[in-house]
Amino acid sequence: MVSYFDILCGIVALVLLIYYYATSTFDFWKSRGVLGPRPLPFFGNTKDIMFPKMSTGEFVMDIYNKYKGEPLVGLYMRRSPFLIVNDSELMKDVLIRDFSHFSDRGNVVPEKAEPLSPNLFNLEPERWRPLRSKLSPIFTSGKLKEMYHLIIECTQHLEEYLNQEIEKGEPIDCVELTAKFTTDVIGTCAFGIETSALAHEDSEFRRMGKDVFAASLQNSIRMRMRQFLPKFYDLLGYVIPKQRYTWFFQRVIMETIKYREENDVYRPDFINMLMELQKHPDKMENIELTDSLLTAQAFVFFIAGFETSSTTMSNALYELALNQDIQDKLREEIHEYCGESNEKLNYDDVKGMKYLDKVFKETLRMYPPGARLTRRSVSDYTFNDTKVTIPKGTMIWIPILGIHRDPDIYPNPEIFDPERFDDDVVATRHSMHYMPFGDGPRNCIGARFAVNQTKLGLITILRNCKVEPCEKTMIPYVFNPRAFLLAPKEGIYLKITKL
């Protein structure tokens, strides 16, 4: 007969076994001579982002600052070791010089739970390489010039909408204002679709965009499960319902392709590029071009194109509202190039606006939407000038926000100062000290597009309007710990008045 003592011993043995399993990897970095914070059983070092007390960007910045003298910092996600690279030359090795060892971003692709996850941003190297090479031509300077008049048309809609909002005499939600603008730009330039986000409050595209990035409990749980319990999360794909934006984008993209094929419609845009890939599957090196895979590429271009640019625009407006002298100087340059109207402003004019470029870059320094870069080793690797060897499959994090706010690189990093991007000053910094779009072969494919729509949006708002803080303005700026990208916690509300 089993006694209570036997049961107690069994429970203790089970607890010890679970504890051993949860902590058995915790000597991984110590055995390699890599310093790092002490991990907690079952959580590792990431408890504060698992139960979001801080944003991932703030987390990596905190580690970067605490271990500033260390080229490599060892941490654990639950029980899995990962590495934060603090040294600039080692970053360059990972991103550029030894890219062949780090060609995988290491992102989870839970195709059952999220059918749109196998996109260019997430894909493993085997599918990423051919897709990247085939999709890159849509983002050349020549293609952007072809789209330029479409962006100008959207700026005119932005101006009309902004005038209506100003007449209400209330603080304006700049996050929403800019997101509507970039949604319309992406819709018309990439898909040939009038999304009408500025014209109609009930725009379906805008609703879907909100769903994707909403800092809701459901999205937060999904994001944490995808990051910390990827295999279990993917298995749940058999039972949990798909997000409604999944069905929406699958329907819209397939209907658009079908309409163009049936009516012989041609537009030099992203959808046309996907149609060409579908017509010539032999050029895709044995990749099965399913409807879901094609939709996933359109989906990631949409969400990355509207969200990162709109966040950057609203953050720029926030800093310009707090720094009126910088705003006035920028407006002078805008008037120098386009007077009170941007209808005649051409592609080269925007490239020629040097101060606007500095303001844009300083905004991305302070608020890089992707606050960290991730890579995963695809083979065993020994870091140069160290004795540290990592096995295949090790995750690497590069702390972008930490670098961008390092006072040794950018003195007084909390101060908004566009002059940091004078050519002479930039020449004194390491190339790895500014990476808002990443670097190396897996950098942001749509960077040129993002730069242009963001700058044109700012020109439209600032050339005839003044932006100021108001009673609803969040001071100081606080990051949202639940947000997927680096984003403000309370939104950005500003007073905008006509000059």
Side-chain angles (χ1 to χ4, degrees), residues 10-87 90-91 93-94 98 101-110 122 124-125 221-236 372-384 386-399 402:
I11 291 172
V12 171
L14 179 62
V15 170
L16 289 174
L17 185 64
I18 294 172
Y19 181 84
Y20 172 77
Y21 173 79
T23 61
S24 60
T25 61
F26 284 179
D27 64 345
F28 183 90
W29 294 121
K30 185 178 180 180
S31 67
R32 287 165 171 77
V34 179
L35 297 181
R38 185 175 180 177
L40 296 173
F42 308 106
F43 298 107
N45 301 107
T46 54
K47 180 173 67 70
D48 286 343
I49 52 177
M50 288 176 69
F51 304 97
K53 292 183 178 179
M54 65 168 62
S55 68
T56 304
E58 290 172 297
F59 172 80
V60 295
M61 182 168 63
D62 184 57
I63 297 296
Y64 174 86
N65 290 329
K66 286 179 179 177
Y67 292 86
K68 204 167 180 182
E70 297 297 323
L72 302 168
V73 185
L75 299 97
Y76 300 85
M77 186 178 295
R78 292 186 300 120
R79 63 191 299 273
S80 299
F82 71 100
L83 196 63
I84 288 184
V85 178
N86 277 355
D87 180 80
L90 296 184
M91 292 176 197
D93 289 340
V94 170
D98 293 330
H101 294 277
F102 298 97
S103 54
D104 192 342
R105 269 210 175 106
N107 293 328
V108 177
V109 185
N122 292 330
E124 76 289 344
I221 291 172
R222 279 181 178 267
M223 183 171 68
R224 264 74 191 172
M225 289 184 69
R226 186 192 312 121
Q227 188 172 9
F228 298 106
L229 298 167
K231 292 181 180 178
F232 176 67
Y233 177 60
D234 201 26
L235 285 174
L236 289 179
R372 57 166 179 148
L373 296 179
T374 61
R375 297 292 186 266
R376 180 163 55 195
S377 59
V378 297
S379 61
D380 294 352
Y381 181 80
T382 301
F383 286 94
N384 289 324
T386 77
K387 297 180 180 179
V388 179
T389 297
I390 56 173
K392 176 182 178 180
T394 304
M395 284 297 301
I396 306 293
W397 287 14
I398 294 178

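Predicted, not measured: the structure shown is a model, and the values here were computed from it.
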query = NZ of Lys30: more than 12 outside heavy atoms within 6.0 angstrom?
reply = no

Looking at [Y], is its backbone amide N or carbonyl O close enough to the side chain of [X] to form a donor-acceptor pair, meaning the two atoms are under 3.5 Å apart?
X: Asn86; Y: Tyr67; answer: yes
X: Asp380; Y: Lys392; answer: yes
X: Thr394; Y: Ile390; answer: no
X: Asn384; Y: Asp93; answer: no
X: Asp62; Y: Glu58; answer: no
X: Ser377; Y: Gly393; answer: yes
X: Arg105; Y: Glu124; answer: no

Indicate yes or no: at least one non-hydrogen side-chain atom of [X] is less than 4.5 angstrom from one of [Y].
X: Ile84; Y: Leu75; value: yes
X: Val34; Y: Leu83; value: yes
X: Asn107; Y: Thr374; value: yes
X: Met395; Y: Arg375; value: no
X: Phe82; Y: Asn45; value: no
X: Phe59; Y: Ile63; value: yes

remark   = d(Ile396 CD1, Asp104 CG) to nearest 0.5 Å is 11.5 Å

Interatomic distance, Met77 atom CE to Met50 atom CE [nearest 0.5 angstrom] = 9.0 Å

ask   = Asp98: what forms a side-chain hydrogen bond (donor to acceptor under 3.5 Å, both in side chains) with it, not counting sequence neighbours?
value = Tyr381

query = Of Leu35, Leu90, Asp87, which meets side chain to side chain contact (heavy atoms under 4.5 Å, CB included) against Leu72?
reply = Leu90

task = Using the six-membered ring wherever Trp is involved, compare the ring planes of Phe42 and Tyr19 and label them parallel, tilted or perpendicular (cut-offs 30° and 60°).
result = perpendicular

inquiry  = Do Arg79 and Tyr76 form a cation-pi contact, if we require the NZ or CZ to be under 6.0 Å from the six-membered ring centre and within 45 degrees of the ring's axis?
reply    = no

message = Would you say His101 and Ser379 are linked by a side-chain donor-acceptor pair, where the criterion is simply a distance under 3.5 Å?
response = yes

